[in-house]
Amino acid sequence: MPAVARRRSDAEPVSLLLPGILPGIVLGVGLCGFVDGILLHQVLQWHHMLTSTDTDNIGVRYYSPHTVSGLEMNTVWDGIFHVVCWLAVLAGLAVLYARVTRHRRRVWTSRVLWGWILAGWGLFNLVEGIVDHHVLGVHPVRGGPHQTWWDVGFLVLGAALLAAGHLLQLGSSRSVGHLLDGRRPRHRIP
């Protein structure tokens with residue numbers, strides 16, 4: 001049966017029925033990584049990728065951010081982190097561009113897309129906060145006597161962003177599905 005005449009079935013991948021999820025989450029992860037890296041690593045200088053490895057849970061060699069050689073190594077790893085964030089943003093844009101074939105300007109005003117971007121941002125905070133700050137014990141949000149509170153606040157912010165993103169896209173009366181190949185979606189995009 002030709003692909004044009006074929007009807008979507010319930011067995012089709014979720015990505016076809018919900019086109020905004022993957023690009024929105026990937027964009028949110030990449031953008032959040034940039035904000036984290038630029039604001040917390042560079043502007044405020046609260047942490048770098050390898051700070052607190054002297055007390056980590058995995059035995060990574062310690063590179064003090066207070067020495068030139070230590071700061072150089074931390075800067076290299078911060079740069080690698082930014083490359084990964086950049087690739088996530090490019091991948092999110094590529095997926096979005098591939099899926100949205102008509103009315104591309106309207107997609108950028110879609111609550112669905114921005115909801116999933118916020119959800120991706122929250123997901124980044126939750127995964128990075130749990131894995132890096134708590135499990136591995138590397139680069140807490142801000143070291144010092146209130147380190148645990150900063151790390152918990154980071155997780156609370158992540159959960160709030162995830163919930164806000166979900167509510168934003170859920171409350172959308174417009175879907176982006178009709179922008180895909182000119183077809184109307186069978187189901188409203190959540």
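The structure presented is a predicted model; accordingly, all values stated were derived computationally and were not measured.
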[atom2] on [Y] to [atom1] on [X], rounded to 0.5 Å:
X      : Y      : atom1 : atom2 : result
Leu123 : Trp116 : CG    : CH2   : 10.0 Å
Ile117 : Leu31  : CD1   : CG    : 6.5 Å
Leu27  : Leu118 : CG    : CG    : 12.0 Å
Asn125 : Leu155 : CG    : CG    : 8.0 Å
Ile80  : Thr75  : CD1   : OG1   : 11.0 Å

Is the shortest side-chain heavy-atom distance between [X] and [Y] below 4.5 Å?
X      : Y      : answer
Val43  : Ile38  : yes
His82  : Gln42  : yes
Trp121 : Val35  : yes
Tyr62  : Thr51  : no
Leu136 : Asn57  : no
Leu113 : Leu96  : yes
Trp46  : His139 : no
Asp36  : Glu128 : yes

Query raised in the report: Are the aromatic ring centres of His48 and Tyr63 under 6.0 angstrom apart?
Result: no
Side chain [X], main chain [Y], donor-acceptor under 3.5 Å:
X     : Y     : answer
Thr53 : Arg61 : yes
Asn74 : Leu50 : yes
Asp78 : Met49 : yes

Query - Donor-acceptor pair between His134 and Asp151 side chains, under 3.5 angstrom - result: no
Do the side chains of [X] and [Y] join up, straight or via other hydrophobic residues, at under 4.5 Å, putting them in one cluster?
X      : Y      : result
Trp77  : Val84  : no
Leu71  : Phe81  : no
Val156 : Leu40  : no
Trp150 : Val152 : no
Val127 : Val138 : yes

**Report entry** Ring geometry between His133 and Phe154 (parallel below 30°, tilted from 30 to 60°, perpendicular above 60°)
**Finding:** tilted
Requested in this report: Look at the rings of His47 and His41 and say which category their plane angle falls in: under 30° parallel, 30 to 60° tilted, over 60° perpendicular.
Outcome: perpendicular
Report task. For Leu93 and Tyr97, run side-chain contact (heavy atoms from CB on, under 4.5 Å): C-alpha distance rounded to whole Å, both residues' side-chain angles, the deciding distance at 0.1 Å, then the answer. Result -> CA-CA 6 Å; Leu93 289 172; Tyr97 184 81; over 6 Å; no
Requested in this report: Could you walk me through whether Val68 and Glu72 pass side-chain contact (heavy atoms from CB on, under 4.5 Å), step by step?
Outcome: CA-CA 6 Å; Val68 173; Glu72 286 173 343; 3.7 Å; yes
Shortest non-hydrogen contact from [X] to [Y]?
X      : Y     : result
Gly30  : Ala88 : CA-CB, 3.8 Å
Phe124 : Cys32 : CD2-SG, 3.1 Å
Pro23  : Val95 : CD-CG1, 3.8 Å

